[in-house]
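One structure is given here, and the rest of the page talks about it.
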Amino acid sequence: METEREALVRTLRGADPDAPTLCEGWSVRHLLAHLVEREQEPARYAVDMVATRLGREPGAEPFLSRLAGSAGTWPGYAALVDRFAGGASPLVALGDRAHLVEYVVHHEDVRRAGAEPAEPRVLAPDLVRAVWQHLGPLARTAYRSSPVGVVLVVPGGPRRVVRRGADAVVVSGDPVEQALFALGRREVADVEILGAPGTVARFEEWADLA
């Protein structure tokens, strides 16, 4: 996990703070503020989560927007990157499976946004295996409202049923691409949807791909 944090820090240091990301309403500095807030200011993060659920627009969260505002200059942005690089507060446990996947997905949120998105990275096999290992519970949550069953398949590798159903689709792709697709980055995720035509059509309509 720390290896991916370090890679994300390097990308953030070279990014335009006001560039768009794949997270609707968030620039790079908003995404950075989210990472810092989640790891170092959990109470404020919780307030912002509630505000979002109550309809606050992305980028207008009460505390996150202030933190992003502090990164509106290059010195302010660099200081916020340094905060993220310094690690999480001792009050925040980073052992849960979501953190590694979040780092990987948010890293791609920065890299693949804009008119000329970066190509997928070649990641260490151990990191890819870890993403696959941790993806299961997240994918089950992501696909629980799917109208059809969903099976995740890594070409030439493992497979995992994340939603059972009489009719099912196969979502085929590298674990990182699977994570991006499951967590809503469907326009950039390099996956293939396989199955009976009618079943695929129902799934793609649900996934806003039709």
Side-chain angles (χ1 to χ4, degrees), residues 1-39 52 57-59 61 64 67-68 71 74 77-78 80-81 84-85 97-136 138-139 141-143 150 152-155 157 162 169-194 203-204 206-210:
M1 185 170 69
E2 289 307 313
T3 299
E4 182 61 11
R5 179 202 288 273
E6 291 166 3
L8 177 51
V9 166
R10 289 193 295 272
T11 294
L12 289 168
R13 291 197 193 283
D16 176 354
D18 292 313
T21 70
L22 296 178
C23 299
E24 183 181 356
W26 282 2
S27 66
V28 171
R29 59 191 172 96
H30 286 91
L31 189 150
L32 172 60
H34 160 75
L35 291 168
V36 171
E37 187 181 64
R38 183 179 179 192
E39 293 191 354
T52 299
E57 291 294 323
E61 300 88 345
L64 184 146
L67 196 56
W74 275 107
Y77 177 73
L80 198 59
V81 175
F84 175 61
R97 62 180 61 89
H99 277 84
L100 172 61
V101 177
E102 181 179 35
Y103 286 168
V104 170
V105 169
H106 280 328
H107 199 160
E108 298 308 313
D109 285 336
V110 175
R111 296 183 68 255
R112 301 197 196 187
E116 298 183 5
E119 292 294 318
R121 293 178 292 155
V122 177
L123 299 176
D126 286 350
L127 178 59
V128 174
R129 283 193 293 270
V131 170
W132 175 255
Q133 176 187 357
H134 296 326
L135 180 60
L138 299 175
T141 298
Y143 292 119
V150 181
L152 308 185
V153 173
V154 177
V162 293
V169 296
V170 168
V171 181
S172 176
D174 174 90
V176 171
E177 305 303 318
Q178 296 269 15
L180 290 168
F181 190 85
L183 298 180
R185 282 69 171 178
R186 290 166 184 155
E187 69 278 13
V188 302
D190 184 13
V191 301
E192 187 175 8
I193 311 301
L194 305 171
F203 179 77
E204 288 185 340
W206 169 81
D208 291 330
L209 295 175

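In what follows, residues are counted from 1 in the order of the sequence shown.
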Closest non-hydrogen atom pair, Ala139 against Val162 = CB-CG1, 3.8 Å
Distance col, row Asp190:CG vs Glu192:CD, nearest 0.5 angstrom, shows 9.0 Å
Determine, stepwise, if the pair Trp26 / Glu61 fulfils side-chain contact (heavy atoms from CB on, under 4.5 Å).
-> CA-CA 11 Å; Trp26 282 2; Glu61 300 88 345; 3.2 Å; yes
How long is the gap from CZ on Arg29 to CG on Leu12, to the nearest 0.5 Å?
-> 13.5 Å
Worked verdict on Thr11 versus His107 for side-chain contact (heavy atoms from CB on, under 4.5 Å) | CA-CA 8 Å; Thr11 294; His107 199 160; 2.6 Å; yes
Pairing residues for Ser172 by the side chain to side chain donor-acceptor pair (under 3.5 Å) criterion, not counting sequence neighbours = none
Look at Arg5 together with Glu102 and state whether they make a salt bridge at an N to O cut-off of under 4.0 Å.
-> no
Between Trp206 and Arg186, is there a cation-pi geometry (under 6.0 Å to ring centre, at most 45° from the normal)?
-> yes
Test side chain to side chain donor-acceptor pair (under 3.5 Å) applied to Arg112 - qualifying residues, sequence neighbours left out = Glu108, Glu177
Does the side chain of Leu180 reach to within under 4.5 Å of the side chain of Val105, using non-hydrogen atoms?
-> yes
Check ring-ring contact (aromatic ring centres under 6.0 Å, His included) between Phe181 and all other residues, then give those that pass, not counting sequence neighbours.
-> none
Flag, side chain of Tyr103 to backbone of Glu2, donor-acceptor distance under 3.5 Å | no
Does the side chain of Leu64 come within less than 4.5 Å of His30's, by heavy atoms?
-> yes
Hey, does Val171 have a side-chain heavy atom less than 4.5 Å from the side chain of Val150?
-> yes
Test side-chain contact (heavy atoms from CB on, under 4.5 Å) applied to Asp18 and Val28, step by step = CA-CA 6 Å; Asp18 292 313; Val28 171; over 6 Å; no
Heavy-atom pair with the smallest gap, counting every atom of Ala142 and Ala182 = CB-O, 3.3 Å
Without swapping roles, check the side chain of Arg121 against the backbone of Glu119 for a donor-acceptor pair under 3.5 Å.
-> no
Would one find more than 12 heavy atoms of other residues, nucleotides or ligands at under 6.0 Å from atom CD of Glu187?
-> yes
Should Leu67 and Val36 count as side-chain neighbours, where that means a heavy-atom distance under 4.5 Å?
-> yes
Kindly indicate whether the side chain of Pro175, heavy atoms from C-beta on, has any atom under 4.5 Å from the side chain of Val154.
-> yes
Leu100 and Leu127: side-chain contact (heavy atoms from CB on, under 4.5 Å), yes or no, with the steps?
-> CA-CA 9 Å; Leu100 172 61; Leu127 178 59; 3.5 Å; yes
Which atoms form the tightest heavy-atom contact between Asp109 and Cys23, and what is the distance?
-> OD2-SG, 3.2 Å
Check whether the ring centres of His134 and His99 lie less than 6.0 Å apart, and answer yes or no.
-> no
Straight-line distance of Thr3 OG1 to Leu8 CG, nearest 0.5 Å | 12.5 Å
With distance as the sole test, does Arg111 use its side chain to make a donor-acceptor pair with the main-chain N or O of Ala118 at under 3.5 Å?
-> no
Check: Leu32 and Val110 side chains under 4.5 Å, non-hydrogen atoms = no
For Val191 against Gln178, the heavy-atom pair lying closest together | CG1-N, 4.1 Å
Determine the minimum heavy-atom distance between Pro20 and Ala113, stating which atoms define it.
-> O-CB, 3.3 Å
Pro17 side chain near Trp74 side chain, heavy-atom distance below 4.5 Å | yes
